[in-house]
Amino acid sequence: MIELTINGKTDKFPEGKTLLECIERTGIKLPTLCYHKGLTPYGACRLCLVEIAQNNRTTIQSSCTYPATDKLVVNTDTEKVIKTRKVIIEVLLARCPDSKAIQKIAEEHGIKETRFKKRNEDCFLCGLCVRMCQERMGVSAVNFVNRGSERKVSPPFDKTSDVCQTCGACAFICPTERIKLEEVSKNKAVPILHEYNEGLIERPVAFIPYPQAVPNKATIDERYCVHMLKDACGVCKEFCEAEAIDYEQKEKKIELNVGAVILSPGFEIFDAKIKEELGYGYYPNVVTSLEFERILSASGPFAGKVLRPSDKTEPKRIGFIQCVGSRDCERDYCSSVCCMYATKEAIIAKEHVGEDLECDIFFMDMRAFSKGFDEYYQRAKELGVDYIRCRPPTVKEIPETRNIQIEYLADDDMKASREYDLVVLSVGLQPPKSINEISEKFGIELNEFNFCKTSPFKPVESNRKGIYVSGPFTEPKDIPETIMQASGASSKVLSLLKDVKGSLIVPKEYPPEMDVEGQEPRIGVFVCHCGTNIAGVVNVPDVVEYAKTLPNVVYAENNLYTCSNDTQEIIKEKIKEHELNRVVVASCTPRTHEPLFRNTVQEAGLNPYLFEMANIRDQCSWVHMAEPEKASEKSKDLVRMAVAKARLLEPLQKRSVPIIKSALVIGGGFSGMTAALELAAQGFDVHLVEKEKDLGGNLRRVHYLLNGGNPQEELKKIIEQIEKNEKIHLYTEAKIENIEGSIGNFKTTISRKGKSTEFEHGVVIVATGAQEYKPKEYLYGQDDKVITQIELEKRLSKSSEWASVRNRIPKNIVMIQCVGSRDEERPYCSRICCAEAVKNALRIKEISPKTNLYVLFRDIRTYGFRESYYTKARQQNVVFMRYDEDRKPEVSKNGNGLQVEVFDQTLKMPIEISADLVVLSAGIVADEGNETIAKFLKVPLNKEGFFLEAHMKLRPVDFATDGVYLCGLAHSAKAADESIIQAQAAASRATTVLSQDSIELEANISHVIDESCDGCAYCVDPCPYQAITLIEYMKEGVVKKTVDVDETACKGCGCCMATCPKKGIFVKGFKLEQIGAQVNAALEVQ
Amino acid sequence: MSDEYEPLIISFCCNWCSYAGADLAGVSRLQYPPNIRIIRVMCSSMVHPNLVIEALTKGADGVLICGCHPGDCHYEDGNLKTEKRAEAIVIMLEDFGLEEERFRLEWVSASEGPRFAQVAREFTEQVKKLGPSTYKT
């Protein structure tokens, strides 16, 4: 070690370093242009100069080339140094006035203009490119040529180089952007396209795939890495201060013994190049929807700016073309998601660009069939998104403007065209390219569309036992359906492997907790450099010194990476060595790193809640990069605030509540029974409560399915299984009188035939079902020739007269869609009616091919594989006629028959049809009993009376209230196979609770101070979880009022705390005094 | 009002949306003035009106509360309660002789880094224009 005095501070440094390296270690930043850590110092720019005092005299030296020797006294900021540096900057600025790097340094030093005569060159001979090419790449494709004032950088003979490997390092490193790869290399540089950004921009060889990548770590693309290809370069290894680069890492083959496999290989988007008429791949301004999704993203290629590829200008008109690679001759299925994603993209594009952006969507049928989708579609229309119903269009480019003309056959069969700046193709979902390989490897069957084959009543199972499937691998589907199916598949695996469940889990053990009660706070502060992420801006050593001056801080240090494994050991040592009872880490965000540090302090025997973080990276060094001094001051403030809160931290305990290992399933329909069987198969007791006499719910009225299977047989089988299952306690003709308690500990009272029964359970699954809408329109109930689809289905069932006696089926049948759906009263789509109509139509055609069938519809929503049955129905001459919501069909009596009048949207004229039977596709309405159940469980309903899940996309079977789950029609309209999936998913989610012995509840929850509470009850109503109740108690012979917090229901939002006028209730870890201490510390007051 | 005046702003950000949005501004290296001191709270509805008034009367030049957009609240509808409380806070400001512009409530989601930076810039500018708080000693 040697000793150096830098700016008056003496410290030890390793031997054999340059002065610049030693100075940088202290956190002082010197400007440099020709210095690069991976290259031999050259001393060309001389910006890093310092004043060195030796033998009673001082000299100005460039620190990058000056060897650090013992006892040197160095100053980096004397007047002489600054003055000289400024002159150098002016010289550089005169030589290369356009260099952004030089301009930036000039600006940082307060230089606006150079006094020297400008030479307007673009190279100041720093030699970085020459050194890089020679030293690291071993190529020497560029070098200095000529002498004196003629000296320049060039490949030999001013010609492009043969030996250049086109790595681009010279251009990358050049501070003046002088080096152009095409002038250096004979070979054409092929950009590496950024995969995550759909190839819209380039990416480097070493890269983090995308901002949310897990793990969020860089990777090296070995196909292009110079080191891996030629054993040269290796610069990244030297730069990585965490020493994380390992070129030797090899692909490893790992063998795992597993009892089951879940296949979720996802999907691929349709290759739009196949549809040549849409110009994708030829016209730059035709992009796919996934590319557009990236264009819209803040982390996308243009940082969220909506720009079109050809000229990077903002489009004024965007056209979306639907069904690209869906619903065509080769792919007779609907991709289910494109209508909604196009609508979403149009809305977001308008949000980004402004209302004036024109967004037109060219579509065939608007398939907004899921929960809340139709309302979203209506909102898009209100926001000015224009929907143009047409046959599949074609495009052509207008060469002068590169705009795109969309040509289409409009709804009235007339040719039309419109011009757009950008066209987005809503590409469909396809099976993954590797599907055949997967199928072969796992021995699973594929269906006619080349997706994985499943059967209607086993929607998460492949044909091979033990291999389960989920996601768009089995059929195109949206996020919630994907999540449900994934949970459903895991439920199946959990049943299969129930005997070995949890056997690979190793519980973590911590040392006994130190008692810090009554101790004066002894705080340790650890300030992170985060490599250069923080230290590059913030003066970290200064922050550490400052932290040491704060009250109760007994120890402070800086770390290169506070989150590294070795630092965790250091923190634990320091806790012991200095008897720390509070720890503050000043680094990044608690959202990602608090759990790690809490674990560390716990490993040292401290309560994990005696820890606090100061976010000096994400909310300081990264957002104030150009203001290092202010950022350093702010960092000190943030540390002071964290220390102030740390002083008041108290040990908190996570409460543990034992779990009653049984479930209540409300509703004995198909979903409820499926969920009950799933739970029983996993070994849990189930209380299944059904209000009617018979099990089965709506499935009792389903006689056949579109995609095969026999529902009544299946129902019989399931009911038998339920009745003989010892784990399932069945209560029919039962009414729920009360449910109380919360996750892990519910108590339910039911009444049956006047008798009341009570039982306890740990979770609840809501499967209350729904009903078919009883139409008020179209003479329903007035004329027995007007019936609903379910009534029709009964007449078509195998045992019925219609199916067995010839010619019983009426000659002319009209079906009317959207009866009681998508109207003002019920603005939602009932999802299943289109497929039901197609199903019944096909059944009629099967029994009586001569029957004339007319289906009057608004949009045919046969999503997924249902589409092929729609095609089949059309092929069998079922006539589909579209009506407009403003001109609904009219049904009137006509002698013995009926007359239906409809305004046909293609012919644009009214048409009269004589009908012997009118079938109404009545929608699905929520069960009236939902309201009572919702109140018992403290869960919300949506405005149509269906239960409202925790998150429409990401948590489709959970409620915001823990321990309560949802499935089947109670959630929203859905088909039988979808109900099975959701029921299995609900069971799977429920077992995440039931499989634990006790549940740990968050420690940061509300706590009442009875002495301060006067029972005003202001806090009771605002609590979103109804966790607070007003109670009375006796104190010194007087009745007093206070509130009681249900600790299992409280989630610690603190709404009560902010409502309380008396400081009578607070959230642990976020007490008013704790937050107040942070405020005071920020303001430097008491 | 001198050019030198740099306001000090206290910002309460909810853990789930706005604090994450502020983090994203950092991850995206979006620059904003260094006047804001963020205090993490679990929900914007946790912020007692007294905290806001105390901060302002103890010398903060501005207070910014950030929560999730309506409908996005991690605690169902805490943000809507904050919105109602904000109305009360504005009335209290008047009683304390403080300008309404010293307080602001904004919705910033976890994916809105640019929006957080924008709000930070705007609010700093707004408070700067008002000059130092009269409560500043």
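Proteins come first, then strands; the chains are lettered A, B, ... in the order of their sequence lines, and each starts at number 1. Bear in mind that the values here come from a model prediction, so they are computed numbers and not experimental data.
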Return yes if some donor-acceptor pair links the side-chain N/O of Gln619(A) with the main-chain N/O of Arg617(A) below 3.5 Å, else return no.
no
Under a 4.5 Å heavy-atom cut-off, does chain B meet the side chain of Leu1083(A), its backbone, both or neither?
both
Is chain B contacted by the side chain of Thr592(A), its backbone, both, or neither, given a heavy-atom distance below 4.5 Å?
neither
Sort Cys1056(A) into side chain, backbone, both or neither according to what part of it lies under 4.5 angstrom from a heavy atom of chain B.
neither
Answer with side chain, backbone, both or neither: which region of Ala1082(A) has an atom nearer than 4.5 Å to a non-hydrogen atom of chain B?
both
Relative to chain A, which segment of Asn15(B) carries a heavy atom at a distance below 4.5 Å: side chain, backbone, both, or neither?
both
Spacing of CD1 belonging to Ile38(B) relative to OG belonging to Ser11(B), to within rounding of 0.5 Å:
5.5 Å
Is a side-chain donor or acceptor of Thr124(B) paired with a backbone partner of Pro33(B) at a separation under 3.5 angstrom?
no
So which of Gly26(B), Ala60(B), Ser44(B), Ala120(B) has the biggest tally of heavy-atom pairs under 4.5 Å with chain A?
Gly26(B)
Scored by heavy-atom pairs under 4.5 Å with chain A, the best of Ile10(B), Ile39(B), Thr82(B), Leu24(B) is Ile39(B)
With a 4.5 angstrom heavy-atom cut-off, which part of Phe12(B) approaches chain A: side chain, backbone, both or neither?
side chain
So, are Lys1063(A) and Glu1073(A) salt-bridged, with charged N and O less than 4.0 Å apart?
no
Taking Arg640(A) for the side chain and Ala1081(A) for the main chain, is one N or O donor matched with an acceptor at less than 3.5 Å?
yes
Look at the rings of His1007(A) and Phe1066(A) and say which category their plane angle falls in: under 30° parallel, 30 to 60° tilted, over 60° perpendicular.
tilted
Would you mind checking which part of Asn1080(A) comes under 4.5 Å of any heavy atom in chain B, side chain (CB onward), backbone (N, CA, C, O), both or neither?
side chain
Option in Glu633(A), Met625(A), Glu627(A) with maximal non-hydrogen atom pairs under 4.5 Å from chain B
Met625(A)
Is it the side chain or the backbone of Ala20(B) that comes within 4.5 Å of chain A heavy atoms, both, or neither?
both
Any cation-pi pair here, Lys1062(A) with Tyr1018(A), using under 6.0 Å and within 45°?
no
Given heavy-atom pairs under 4.5 angstrom as the criterion, report whether the side chain, backbone, both or neither of Met1057(A) touches chain B.
both
So, are Glu293(A) and Lys344(A) salt-bridged, with charged N and O less than 4.0 Å apart?
yes
Chain B heavy atoms under 4.5 Å from Val1085(A): which part of the residue, side chain, backbone, both or neither?
side chain
Please confirm whether the backbone N or O of Cys588(A) pairs with a side-chain atom of Arg591(A), one donor and one acceptor, at under 3.5 Å?
no
Between Asp23(B) and Thr589(A), do the side chains contain an N or O donor and an N or O acceptor separated by less than 3.5 Å?
yes
Is the backbone of His69(B) close enough, under 3.5 Å, to the side chain of Asn79(B) for a donor and an acceptor to pair up by distance?
yes
Under 4.5 Å from any heavy atom of chain A, what part of Leu8(B) do you find: side chain, backbone, both or neither?
side chain
Contact origin within Asp77(B) toward chain A - heavy atom pairs under 4.5 Å:
side chain
Residues in side chain to side chain contact (heavy atoms under 4.5 Å, CB included) with Val939(A), at least two apart?
Ala934(A), Leu937(A), Phe947(A), Phe959(A), Thr961(A), Val964(A)
With a 4.5 angstrom heavy-atom cut-off, could you sort out which part of Val27(B) is near chain A: side chain, backbone, both or neither?
both
Largest heavy-atom contact set with chain B, pairs under 4.5 Å, which of Pro1024(A), Gly1054(A), Cys1053(A)
Cys1053(A)
Go through the atoms of Ala642(A) and report whether side chain, backbone, both or neither lie under 4.5 Å from a heavy atom of chain B.
neither
Region of Arg40(B) that comes under 4.5 Å of a non-hydrogen atom in chain A
both
